[in-house]
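Just so you know, ligand 1 is whichever comes first in the structure, and atom 1 is the first atom listed for that ligand.
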Amino acid sequence: MKEWYDAIKEAQSVEKLEEIRISVFGKKGVLAAEFAKMKSAVNEEKAQLAKELNTHKAALTDELTQRKVVLQTLELEANMKAEAIDVSLYRAKCQSGGLHPVMETMDRIIEYFVAMNFAVKTGNMLEDDFNNFEALNLPKYHPARDMQDTFYFKDEMLLRTHTSPVQIRTMMANKPPIRMIAPGAVFRRDYDLTHTPMFHQVEGLLVDEEGKVSFANLKFILEDFLKYMFGDVEVRFRPSFFPFTEPSAEVDISCVFCKGDGCRVCSKTGWLEVLGCGIVDPNVFDAVGYKNVSGYAFGLGVERFAMLIHHIGDLRSLFEGDIKLLEQFQ
Ligand code: DAH
């Protein structure tokens, strides 16, 4: 009998174990043969033999059951190992997105003015001649229109050349006081290192009672704003001309590249022009029917700000959708 115990212990598979079980417990198995021998045995021997055989029967049954559990567990483990999927092997190539530098810059600009209690207004990209030019003191055939050539549709409709028409729309729809900015896309017939046919501006307008709004107010807020955007820079106001403001100024910051020493980017001047502004021209108030008011306005190009903040050389690269460039800003 001993060899059967050994056979059970050494069995390496559930199938092998089943073969052993049949050899031991089957009709023609070892135990059956041993029990058959009892027939020829005498009484005392018979009882003894029967006892022995039953003990073996119980013990072998136990051994079989135990070994079966062990072998089944081993087989299950082996199967699980063989079928295992290495989830780390196939990395899904998905990249998380992020804001485009122009939109991120726009958001920062909006953040500043919202904190200063300015409302955010949007106008129409398809604008009419009145809002885009006429009401802004740019009469037909005025030479200043040449600088803002754009794409025209029928019925004097055009793609807006600046966000200034939102000033007009806001004043026509509301009574003073007004405190608004207008971020958005604008369009012009330009294409070079620093110009694209579509770009973004943020317009600003503040209107209050006559005598309440001064150039000093304008200077204060723009200086504060430019330091918020560019850090510790010098700010300078230069007399200029815009049809919709009088007096008008262009605003420069000390060059962010050379800190004012003079380099290629600032054409050796040490200064970079960043926005236009002024005191709202009375003709603009006349066009919208506002009386006894004063105000200031300003306008800036968002791409120019993004280029100066991120040191980008060619404005056109902001519109190429090149991941290699864009992912540097995430
Ligand atoms: N609209 C001007 C432009 O596109 C920018 C501008 C300058 C807006 C002065 C203003 C302003 O409101 O006061 O070039």
Side-chain angles (χ1 to χ4, degrees), residues 106 109 113 118-125 127 129-139 142-151 158-172 178-190 192 194-208 213-223 225-226 235-253 272-285 287-288 290 293-305 315:
M106 185 122 107
I109 296 169
F113 286 105
F118 281 67
V120 180
K121 300 282 182 186
T122 49
N124 298 359
M125 288 188 207
E127 199 38 285
D129 189 87
F130 175 78
N131 285 299
N132 195 84
F133 290 130
E134 204 77 46
L136 287 161
N137 200 25
L138 271 149
H142 191 287
R145 282 196 181 197
D146 289 354
M147 295 188 303
Q148 303 199 0
D149 201 4
T150 185
F151 305 93
L158 63 147
L159 289 179
R160 67 178 179 192
T161 57
H162 49 182
T163 41
S164 304
V166 188
Q167 289 188 23
I168 305 301
R169 286 181 173 275
T170 307
M171 286 193 282
M172 301 276 262
I178 303 271
R179 216 177 159 92
M180 59 138 257
I181 54 163
V186 301
F187 308 84
R188 287 190 204 173
R189 204 192 62 89
D190 289 326
D192 60 37
T194 49
H195 298 90
T196 49
M198 190 280 287
F199 61 105
H200 298 84
Q201 287 188 334
V202 176
E203 188 80 14
L205 173 71
L206 184 142
V207 182
D208 212 318
V213 185
S214 74
F215 204 94
N217 302 143
L218 175 64
K219 241 187 125 190
F220 174 82
I221 196 163
L222 289 182
E223 272 182 22
F225 163 64
L226 291 170
V235 179
R236 147 178 119 167
F237 286 68
R238 244 181 324 108
S240 184
F241 169 79
F242 296 104
F244 26 89
T245 44
E246 182 60 38
S248 305
E250 257 157 332
V251 184
D252 301 337
I253 55 169
L272 297 164
E273 182 190 319
V274 288
L275 57 82
C277 65
I279 295 296
V280 180
D281 193 293
N283 287 348
V284 175
F285 287 139
V288 298
Y290 271 22
V293 289
S294 58
Y296 65 64
F298 57 88
L300 62 91
V302 183
E303 280 77 5
R304 176 139 178 88
F305 272 55
L315 187 140

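Listed by number with element, the atoms of ligand 1 under 4.0 angstrom from any heavy atom of Gln201 are 3 (C), 4 (O). The contact set between ligand 1 and Phe242, taken as ligand atoms under 4.0 Å from a residue heavy atom, comprises 7 (C), 9 (C). Within the listing of ligand 1, atoms 13 (O) sit less than 4.0 angstrom from a heavy atom of Thr245. Within ligand 1, counting atoms from 1 as listed, the ones closer than 4.0 Å to a heavy atom of Gln167 are 12 (O). Ligand-side atoms of ligand 1 in range of Cys277: 9 (C), 11 (C), 13 (O), range being under 4.0 angstrom from any heavy atom.
Residue Ala297 places at least one N or O, backbone or side chain, under 3.5 Å from an N or O of ligand 1.
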Ring pair (Phe, Tyr, Trp, His ring centres under 6.0 Å) between His162 and Phe242, intermediate numbers included: CA-CA 12 Å; His162 49 182; Phe242 296 104; 9.5 Å; no
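Contacts with ligand 1 closer than 4.0 Å are made by side-chain heavy atoms of Ser164 only, the backbone lying farther away. Only the side chain of Phe244 comes within 4.0 Å of ligand 1, judged by heavy-atom distances.
The number of heavy-atom neighbours closer than 6.0 Å to CZ of Phe220, taken from other residues, nucleotides and ligands shown, is 12 or below. Annotation: Arg189, atom CZ; neighbour count of heavy atoms from other residues, nucleotides and ligands within 6.0 Å does not exceed 12.
Between Arg188, His162, Met147, Glu246, it is Arg188 that holds the heavy atom closest to atom 14 (O) of ligand 1. Distances from atom 8 (C) of ligand 1 to the heavy atoms of Glu250, Gln148, Glu203 put Glu203 nearest.
Looking at atom 5 (C) of ligand 1, its nearest protein heavy atom turns out to be Gly299 CA, 4.0 Å.
Contact check on Arg169 versus Glu127 returns a salt bridge, with a Lys/Arg side-chain nitrogen under 4.0 Å from an Asp/Glu carboxylate oxygen. Salt bridge Glu273/Arg238: present, at least one basic N to carboxylate O contact under 4.0 Å.
Rounding to the nearest 0.5 angstrom, the gap separating the CD atom in Glu223 from the CZ atom in Arg236 is 13.0 Å.
Ring geometry for Phe118 against Phe113 counts as perpendicular: the plane angle is over 60°, on a 0 to 90° scale with 30° as the lower cut.
Using a 4.0 Å cutoff on heavy atoms, Arg160 does not count as a contact of ligand 1.
Using a 4.5 Å heavy-atom cutoff, the side chains of Lys121 and Leu205 are not in contact.
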